[in-house]
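One structure is given here, and the rest of the page talks about it.
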Amino acid sequence: MKINIGFRTIKTAIGVSCSVFIAQSLKLEYYSSSGILTLLCIQKSRKRSNKAILSRLVACMLGMFGSTALFEAIGYAPYSFLVLLLLFIPLCVKLRVQEGLASSSVIIMHVYMHRKAEAAFFLNELLVVAVGLGVALLVNWYMPSIDKQLNRYKAEANRLIAAILDEYANYLKNGYTMWDGKELLQLSDVLRRASQMAQLEEENYRQGRTNSYRQYFENKRRQMELLERMLPAVSQITAQVEQGVRIGQVIERMSEYLRQSPEPNGERHDYFYEMLRSVREYHKGLPLPKTREEFELRANLFAAANELERFIDTL
């Protein structure tokens, strides 16, 4: 059986070990709790980790001092937890630090077992929390670059879009195709995974670093939606005509462009827009349709050209 050990797993193992080692070296009571805090704070991104650390810090402080006051007031007894949790959980939710409930409960249990309000005890707990959260902050500060994976997604998305455009062009120029539409499904899956990874990259944004992956893949999703909207109009063009061939040639050129230079380019946008405009001018000069079939054919070609123009605007 193959076991994959990810980078996050490695960071968690190192972080927990360091936390326990530091807390134990400082001879802190309940030193193992530092490891638990570190374990709970290792997240997928730096932003999520910082949020988790802040939530747990606030929740731990509220739990420690709030539970001490309550236990001192009504006693160190099991029924005290009923009152404590009925008050503490809504408070954490109100302050939006409910993520720290699990870690703060560890500190609350320490307060309950110690059964005394002492400065030395509070100092011990503060150090336990500081070591656990501090190590998590340091360990999670480093995030490996995922640019290579994102660039692979970019290349794959453009390959699939170009393949779809090729099928549309082939159908309009030759009047038939054996296409089963699988590239549309593959493109949807690639963009879903790429968007998730782009969000992680955005959350790990470092000052001075330009990050446009999320915007890039949102643009590709827009292109996919336009291709899906274009499909019904293209598929209903049942006769091979000169107008369809001309639109097919425009689509074919766009497919070649996406394979060669997938980055946005204003000059190429203008070039394809002029190509499509010349096709539209050609259509305007044709005689009016004389049959219902010819009218429907022209209508579908017009609808396909409209979606194609919107697609060109995304280039």
Carboxylate-amine/guanidinium proximity below 4.0 Å for [X] and [Y]:
| X | Y | result |
| --- | --- | --- |
| E99 | R56 | yes |
| E274 | R277 | yes |
| E218 | R222 | no |
| K173 | E252 | yes |
| E225 | R229 | no |

Using atom types as modelled and distance alone, determine if a side-chain donor or acceptor of [X] lies under 3.5 Å from a backbone N or O of [Y].
| X | Y | answer |
| --- | --- | --- |
| R115 | Y76 | yes |
| N140 | A136 | no |
| S55 | A52 | no |

- prompt: For Q196, which residues count as a side chain to side chain contact (heavy atoms under 4.5 Å, CB included) partner, sequence neighbours excluded?
  reply: R192
query: Is it true that the NZ or CZ of R221 lies under 6.0 Å from the centre of Y216's six-membered ring and within 45 degrees of the ring axis?
result: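 Ring-cation test returns no.
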task: Taking ring pair (Phe, Tyr, Trp, His ring centres under 6.0 Å) as the test, write out the residues that go with F122, two or more places apart.
output: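 For F122, the residues satisfying ring pair (Phe, Tyr, Trp, His ring centres under 6.0 Å) (neighbours in sequence not counted) are F65.
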message: Pair D147, R152 - check salt bridge (Lys or Arg N to Asp or Glu O under 4.0 Å), show working.
response: CA-CA 9 Å; D147 286 349; R152 281 198 293 268; over 6 Å; no
message: Please verify the inter-ring angle class for Y168 with W179; under 30° counts as parallel, over 60° as perpendicular, anything in between as tilted.
response: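 Rings of Y168 and W179: perpendicular, over 60°.
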Parallel, tilted or perpendicular: rings of F81 and Y112 (30°, 60°):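 Tilted, since the angle between the ring planes falls between 30° and 60°.
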